[in-house]
Structures are given as C-alpha cells and as structure tokens.
Amino acid sequence: MKSTAESSSGMGMGSPAGSSPLASVGRTARLAAISAVTNYKPSNPPMNFMETPTQNLFCANVFHKREMKERLPKNVYKSVIKTIEEGTKLDPETADVVAAAMKDWAMEKGATHYAHVFYPLTGFTAEKHDSFFTPTGEGTAIAEFSGSQLIQGEPDGSSFPTGGIRQTFEARGYTIWDVTSPAYILENDNGTTLCIPTAFVSWTGEALDKKTPVLRSMQALNKHAQRILKLFGHSDGALVSSTAGPEQEYFLIDRNFFFARPDLINAGRTLFGAKPPKGQEFDDHYFGAIPERVLAFMFEVERELFKLGIPVKTRHNEVAPGQYEIAPIFESANIATDHQQMMMLTLRKVAEKYGMSCLTHEKPFAGVNGSGKHVNWSLGSKSQGNLLDPGDTPHENAQFLVFCAAVIRAVHKYQGLLRSVVASASNDHRLGANEAPPAIISIFLGDQLTDVFEQIKAGGANSSIPRGTLTVGVDTLPPLPKDAGDRNRTSPFAFTGNRFEFRAVGSNQSIAGPLVAMNTIVAESLDYCATKLEEATGGDPAKLNESLQKLLTQIVAEHGSIIFNGDGYSEAWHKEAAERGLLNLKTTADALPALKEPAVEELFKKYEVLSPRELESRLEIYLEQYCKSVQVEANLSLEIARTMIFPAVVRYQNELASTCANLKFLGYEFDTDTLDKITTLVKGLQDSSTALENILKSHSGTDLQAEAEFIRDTVIPAMDAIRVYADELENLVADDLWPLPTYQEMLFIR
Ligand code: ADP
Ligand code: MG
C-alpha cells in the first residue's frame, strides 16, 4: 500500500518541509486523502483549444487513407485499399513501400520507435517497442523499417495465457500486421511511437489473441450475408461488414482516495464500504450538469481520441454519482474493437493527469449502480447500407425480415454462448442485480416488429404499426416524428431502431468476445436461411416470396420464445423464462461451460473462427481468470480486515472501554451499549476472517471447473461474511479512526 505522505505530496500538495503530512492533516491515510482532495488545484495549464480546434485534430495521428493516398504510388495505394475495403489478400510487394512511407510519416511526427500492438487473451492491450535506428558502425545510426518488419514481429510471448495451446518452452508467437486497422502515433511527453495493430498467433498458427477470431468471424459473416443478398438480386459483392458502437460507462474518483484503498488498487473494486446516507436515490446525477473538473477531463479525452481517429460523439453523467459514459460513432467491428481498447487506455491516462482514477470495473461500489458497455451491433455494406434498417414499413421489407429473423434464431439457439462471452467475476456482480439485464438472454423487439413477426407467425404480414408523431401540447414546440417503439432498459439484447444492442457486456471487457459470438452465430443463421431459400427456390426468383414466408413462419415458431418486451428485472420474468425453457446462468461458473457444448464447438469449427483447441484454451483461460481474480479479492479482504479495519476498531474499543471503566470508577453511569455492540462485531470480524483463511488454506483444486464452483459456493460467501461485520463497524467507529475512504467521500467529494 502506498503511504499517505506519498499519495498526498504526489499531487503537489505536501505539507511544509520537515513536518509529517500526517501530523498536519489527520491520523489516517483516509483523512490525509480528504485533505488533499479538498485542496485540489489543477497542475497543468489549461489547453489552448482555440489554437487547434478539436475538429481539426481528427485523425491527426493516424496513417489513414488520405495520408496513404498522398504518400504511396498509385498502384500500391489501390492495392492496400482493395485489401481494406474488399477483404482481398494483401500483395506482399506492397509492404516494403507502405513500410517506408509509414516510417517517414511517423518520423515527421517525432517517432523513434515502432510497436506491434496486440490483444492477448487477458483482454488487455500489449505492445512490443523496437527502435527504428540501427548503428552503422561509424558512430552514426540510420533509420530503417522494412516491409517484413511491418508485416511480422516476434514478441517473446511466453508469459501470455495460452490455455495449453503452447508450453512455456515453446515461446514462439508472431504478431501479424492487420492492414484493415490503421497504424497510429502514440504520444508521450518525451517521445512518440508508431503503433501497428496486429494479430497474435502461435508458431502453429493458432490464435493467441482476441483480434484473430474477430477477423475470422467477420469473414464468415460476409460470406453468408452475400448469399442472402444474392437471393434478393444484389450480387455486386460489396463487402458486408459487421459494425459496432460500444457505449462505455466508467467511474471517476479522486486519485488520493484511490491510493488510500488497497482494494481499488489491486482488485479494481471496493471490498468494504457501508452504504452512504445519500446514494443515487434522488436520481440527481443522471444526465445532470457535468462537474467542472470532470468536464475538463472529458474535453481532453476527446481531443486525444480524435487525434487517434476515434469518433467519440456522446458524453453524459450516468445514474450513479461519479459515473459517466462516453460513446463513439459506430465503426467496422474490428476497428471498433481496437478503438475501444485505446479508449479505455486513454480514459485512464487522462484521468491521472487530472488527479483522478478512472474505474472501469463492472461494480466498483456495492449497492451503487455498476458499469456496462452496451455493444450496438449491426451489419451492412457500402452498396446496401445497414442491413438491419427496417424502413417505415418493415412488413414489406423482406430482406430486412430475413436478417432480423436470422438474429432471432441465432440468439435463441446460442443463448448459452452469448451469456458465456460476458461472464467474468466482476460482471457477476452486475448481471441480474436490478440495474443491469438479468443473466437470462432474451430479445426486445419493440411493438412494431413484434407485431410484424406475430402476423408472420399467423400466416403473413400485411401491415406495420405506423410511427406517428409526438405532440406535446405546446404550440411553440415542433411536432416530432415518433420512434416506432419505446425503449426497454431491462433487456439484455434489444432492437434499437436499426441495430441490436447487447447490454450484458461488462465495462471492463474487451468487446472482441461478444462480437466474435454475434458475428459467428448470425453467420450460422444466415447460412441456414440461405441454404433453405436456395433449395426452396431452386434458383427461381419467382419462388422467393413463398419460400420466405415459410421460412420466416418456421423461425418465429421455433425461436420466437426468445422475444420478450416486458420488464426483465421482474420476478415474474424469471418464472416465465423458466417456463419458456430459456437458460438462466447466474454466475461465471455456471456460464462458462457453455463453451464446451458440442453445438458451440461445432459452430466455431464449421465457420473456421476457432478450432476446438483454440476454443478449449479460451475456456481454460477464462476459468483461470475467474478463479485468480476472486482469490486476489479473498486475500485482500483478509489483509484489509486484519491490518486496517481490526486495528482501527480495537483502538476505538479501547478508548470506549477505558472511558467506561474510568466513569464507573468515578461513580457515574455510562451506557455500554456501543461497546457491547462493537465487541460482538469485532468477534464476528475475527471469526469470519479466520473462517476465510481456513477455506483458502484447505483447498487446492486441480480441476478448474471444480475450483470455480468452490469459489462460487464457498469462497465468495466467506468474503461477503467478513464484509457484513466490517460495514456495520464503519457506522459505529469514531470517524477520525476509520482507515478507508468511505463511499460518501469517494463518490461525492471532488
Ligand atoms: P443510446 O444511449 O440511445 O443507446 P448512444 O447514442 O449512446 O445511444 O449510442 C448508440 C450507439 O449505437 C452509438 O455508438 C452509435 O454509433 C451506435 N450505432 C448506431 N448505428 C449503428 C449500426 N448500424 N451498427 C452499430 N452501431 C450503431
Ligand atoms: Mg445504449
């Protein structure tokens, strides 16, 4: 744990030389933190945003098309664009030329190094930096960057999780340039680096990363979407790409509080903390005015993201105090995934500059709303536009209905898979907790589409409920076109006008896993639909309508039970979902085994997204991550309970006890209620700590699934038991002795 002196003086607000900062501000790290926070002054000068307006910064640090067009010979440029836009193979000769141009561009921007950036299965971003410079042997150095250096790198990736794909002695792993995701410059006060997004694979060509399966799944989706489009007479071959727009929720707290909480530092969430007297019950934070310091942070985040070509659009306060959201405009799934990773890094980096910590954990504060990352998903092509756009009269839009029905079928058929790709120890705190969608996967379609599909089921759709206009009853307010359906916050998978929004995704997660799952299951469904329709029409377009009607009716009959427009938080839904036979996989330990199911294995194998071995390795890694992160939390719980909370409590107990004894000696009456209560709770704190310690000691599992279940059933309840005593004590012990910044302080003081 960081000492108080460091954390407060680190902000440039230390006490006068010579005296201990503790002496001047209080007895605990917590009180020192409060003092530092209330004395916060920005250390960096304000940005001169008029000098370079933010809009002029867009893509300033990206080697994008415009830059390539200027710097590359025409034929090379064309070849690269063809790869990016049409998904064709890259011609290796072009790599040398691109590398040279990229290096010149990067060096003009001050770069001395290049880095292959990759996305290992930890869910984080990894980079290996190499210098451009090679010594000539004559006391000088020349800058070099060849096509092969651009295309391939070889980080010694032996420490990245591989889930048994590779033994540690088989350390070879390769990074391979992803031409479709543009290279960019990463700035630092002391230098800049050229960053090249790459895929990361083993010596045997197996995917060790999150990017490779995204690219493979996009390829599968394109292939089968093309077949459907062809049936509708569109055979221009324009690449069908899946698109994604993730909405990122996060918390900001002052860094001084962060450093006074070992649980936040090490686990990303608070393991203790009594409910504050004022929480979010007034809903006064949601979309409220953004605090000045936070707004300053957001402006800077947006400038940084703009430079990286990330089209951030929306910012607002979220439901909980101290919680915010940022959302970019949607992009191709692969690029959106890379950008999403950069966005999380940028949020953290800029927060530090403003003396804050950005918490992306799904549930940093128990009892307060958690954070998700809604992933908006669709598919489309340059020539056809968004394939999930229903238009004004969806009942007449047969092509849309096929794509939409394919999604319905996919989500119903692979609900377990969709649940498993959002499973993590941290997201378990959020899903099903009356603030986030339940662990039951269902689809919200809205009134208009539900009605159309009902009609289809009954034999044929002849009408669409009109959108209408919204009138407010005030003459000066213009009438508005009304959306075809209202929203439903409680649905894990909602149709929102022209896309689906997967809301169960956790705020700290890479969006790669959810996108791989959606792309692949929809590819499978489109394959199914295309095959049925191709067979039924036998190439005769005149038979399309009739075959379609049959297919859609059958899909709604078989898979319509996944559609639910009601309140997903309600008890009644849990009951009804069970009656409908929908899965309710409550925790990670319940959800991850879905990855082992034969149907899931077959799915990924058939569409060449993940081999059985690659899939198995993922299951192993995710189980291990679950176990490890809860174990860290359990150890932290013990440490904090024993070295921070217990000492504070006994000091207070001692004060109280001696007061009681003294008063009694002097013949006064003194109520010992508080002392009695504290004494009982201290005993509970000690006993529950010992119980957890014994549980942790006693168990050494070999089978990961059994271990995960043990953690779910035994370790987590034991941790929760300690917390109950600690949180009650927080409300009894003298404020000046309490060691941990409270919820109240972290969420409201800034
Ligand atoms: P809301 O709060 O209503 O859900 P936001 O504006 O915060 O909406 O976010 C909506 C997200 O959906 C944005 O990232 C937006 O770009 C994205 N989006 C819109 N159209 C598509 C599409 N066709 N495919 C994927 N994402 C989309
Ligand atoms: Mg949303």
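As the structure lists them, so they are numbered: ligands from 1, and atoms in each ligand from 1.
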Location of contacts on [X] toward ligand 1, heavy atoms closer than 4.0 Å:
X      : answer
His374 : neither
Thr243 : both
Glu325 : side chain

TODO: Select the closest option to atom 17 (C) of ligand 1 among Leu379, Leu388, Asn376, judged by heavy-atom distance.
DONE: Asn376
Open item on the list: If you take the nearest heavy atom of each of Gln248, Arg499, Lys313, which one is closest to atom 10 (C) of ligand 1?
Closed with: Arg499
TODO: Under 4.0 Å from a heavy atom of Asn386: give me the atoms of ligand 1 that qualify, with their elements.
DONE: 23 (N)
Task: Ligand-side contact atoms (ligand 1) for residue partner Glu501, heavy atom cut-off under 4.0 Å - done: 4 (O)
- [ ] Could you tell me whether ligand 1 has any atom less than 4.0 Å away from a heavy atom of Glu247?
- [x] yes
Task: Thr212 side, atom OG1; Arg216 side, atom CZ - distance, nearest 0.5 Å - done: 6.0 Å
Task: Residue from Lys363, Arg419, Arg269 passing salt bridge (Lys or Arg N to Asp or Glu O under 4.0 Å) with Asp428 - done: Arg419
Open item on the list: Please check whether Pro328 reaches ligand 1 - meaning an N/O of the residue sits under 3.5 Å from an N/O of the ligand, judged on distance alone.
Closed with: yes
Task: Ile329 N/O to ligand 1 N/O under 3.5 Å - done: no
Task: Donor on one side chain, acceptor on other, Ser181 and Asp338, under 3.5 Å - done: yes
Task: Between Gln341 and Thr125, a side-chain donor and acceptor under 3.5 Å - done: yes
Open item on the list: Could you tell me if Arg409 sits above the aromatic ring of Tyr528, with its cationic atom closer than 6.0 Å to the ring centre and no more than 45 degrees from the axis?
Closed with: yes
Open item on the list: Could you tell me if Arg315 sits above the aromatic ring of Phe299, with its cationic atom closer than 6.0 Å to the ring centre and no more than 45 degrees from the axis?
Closed with: yes
- [ ] Mind telling me whether His559 and His412 have parallel, tilted or perpendicular rings, with 30° and 60° as the class edges?
- [x] perpendicular
